[in-house]
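These notes concern the structure reproduced below.
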Amino acid sequence: MAKKLYIKTYGCQMNEYDSARMADVLAPLGYEPTGQVETADMVILNTCHIREKASEKVFSELGRLRHAKRDREAAGQEMIIAVAGCVAQAEGSEIVRRAPYVDIVLGPQTYHRLPELIARAKRAADPSRRGIVDTEFPVESKFDHLPETHAASGVTAFLTVQEGCDKFCTFCVVPYTRGAEMSRPVEEVAAEARRRVAGGVREITLLGQNVNAYHGRAPSRFIGKAGTAGEWGLGRLARHLAEIEGLERIRYTTSHPHDMDDELIEAHRDLPQLMPFLHLPVQSGSDRILAAMNRQHRTADFLRIVGRLRSARPDLALSSDFIVGFPGETEADFEATLALIREVGFVMAYTFKYSARPGTPAATLPDQVPEQVRNQRLDQLQALLREQQQAFNTTMIGRRLPVLLEKLGRHEGQLIGRSPYLQSVHLEAPEASIGQILPVDILALFPNSLAGRLASGHAGARERLSA
Ligand code: 5AD
Ligand code: SF4
């Protein structure tokens, strides 16, 4: 009988990708996904270390799982509990010390070893056994050991091309939890992309902690040719992927301003598949704070990059990450951030209150900003960003946008799709049009999405009228 696998994913899209790949690794062992934890033979918490109190949240989730595991064991069933991802990497054996019922702790670089880890956990028959901890950064790449992705999938997909970070921003744990930068070879990425497209995917988001620092081994037929280095950057990779028939849209996230090179900017100019929406974290608009953050760019550098990107692709919409209340941030520094947001006209952003991460340089800086001030700045920042997002969305009303139809909506006959600018669009359309990019007239705004109608005279629209 099939065994049930329950995966709970926290944090970023890379964790979502990793969770899907862990499910791929376990499928040959007979594990099928379930949404109900009580019925699961195996539970994986794929954790994230970015948010405040991340570890504590994982321990309280584990506390709940302990009861579920006990109930299953009382009924003669098993529940293997694994903790994966960045909290696992950071906490390691501390997890099995505090939660001895955890069977496996594995870091982001070792999940291809799950079958072996499960076998080892099962061999240790003693119920009071110590959990198995595997959080090393192995020499071999997990990608060489993973099975191919499942053919069945939706219309959009994530594809990890790069992992790790060498930037060491002073507030961030990623360089410690995900390790040094590494890039997958171009041919490997292209093969995975082709498989996904053959399985129905129309839009691929290339993922990496520092995705535009990508420098993957070039396809062998290019190596040694004049003008071709042994490695390609992200711009060249995007150009290569754009040749895949049926791959209509390419996105990438998350980028660092420092790595926005000429080739990538030119790709935005030349490739219609590269969508005009870019997430480019800047974190602050104050040069003093940027320096204290070790960001390797100043505000002027950022504005110059944005200018060049917009000359390449005039309709480019920008999103970003901001931290308020970094140690030493004054009111003037914060005002500079607001000014930058207005100047660039970001249409979206993820906003964070600075919170100290043990082991990072900023955690021990003097002048930590009081909670009340951080809260107040966060509110102000979010209000401005909401205003700009609303203004941007309003400019969509009356426009005709190409919308990639992704899935069924909540109401009968309704589909949900995505605009080039990553906005959700609700419209009525036949289910058979899922996977197509159709022209949609935007009519109105919902709080977090757009409402539209298939452009009249279009095949999809006619089909619906005659149905
Ligand atoms: N405090 C607040 N925000 C943080 N981020 C990363 N580390 C911290 C921290 N210690 C934010 C940054 C990053 C995003 C993924 O999370 O803005 O870009
Ligand atoms: Fe963290 Fe900075 Fe690396 Fe981004 S670039 S992952 S914020 S250290």
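Keep in mind that the numbers below use all heavy atoms, side chains included, and drop hydrogens, waters and symmetry copies. Each ligand, and each atom within it, is numbered from 1 in the order the structure gives.
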Using a 4.0 Å cut-off on heavy atoms, what residues surround ligand 1? Order them by chain and number. Ile50, Phe171, Gln283, Asp321, Ile323, Phe352, Lys353, Tyr354, Ser355, Arg357

If you count the atoms of ligand 2 from 1 in the order shown, which ones are under 4.0 Å from a heavy atom of Phe168? 8 (S)

Nearest non-hydrogen contact to atom 1 (Fe) of ligand 2 from the set Ser255, Cys172, Cys169 belongs to Cys172

Electrostatic pair Glu181-Lys167, nearest N-O below 4.0 angstrom: yes

With a cut-off of 2.8 Å, does Cys165 place any N/O/S atom under that distance from atom 1 (Fe) of ligand 2? no

Step-by-step ring-ring contact (aromatic ring centres under 6.0 Å, His included) determination, His279 to Tyr350: CA-CA 10 Å; His279 183 65; Tyr350 297 99; 5.5 Å; yes

Between His240 and Trp232, is the ring centre distance below 6.0 Å? yes

Quick one: does NZ or CZ of Arg251 land under 6.0 Å from the six-membered ring centre of Phe158, within 45 degrees of the ring axis? no

Using the rule ring-ring contact (aromatic ring centres under 6.0 Å, His included), only one of Phe346, Phe352, Tyr354 pairs with Phe322; which is it? Phe346

Side chain, backbone, both or neither: which part of Asn210 comes within less than 4.0 Å of ligand 2 when only heavy atoms are counted? side chain

So which bit of Pro175 gets within less than 4.0 Å of ligand 2, heavy atoms only: side chain, backbone, both or neither? side chain

Note: ligand 2 atoms sitting under 4.0 Å from heavy atoms of His256 are 5 (S)

Numbered atoms of ligand 2 (with element) below 4.0 Å of Lys167, judged on heavy atoms: 3 (Fe), 5 (S)

Is Arg357 close enough and on-axis enough to Phe171, meaning under 6.0 Å and within 45°, for cation-pi? no

Starting from the C-alpha separation in whole Å, work towards a yes-or-no answer on side chain to side chain contact (heavy atoms under 4.5 Å, CB included) for Leu450 and Leu427. CA-CA 9 Å; Leu450 309 176; Leu427 67 153; over 6 Å; no

Taking only non-hydrogen atoms of Phe171 and a 4.0 Å limit, the atoms of ligand 2 in range are 7 (S)

Is any side-chain N of the basic residue among Asp379 and Arg377 closer than 4.0 Å to the acidic one's carboxylate O? no

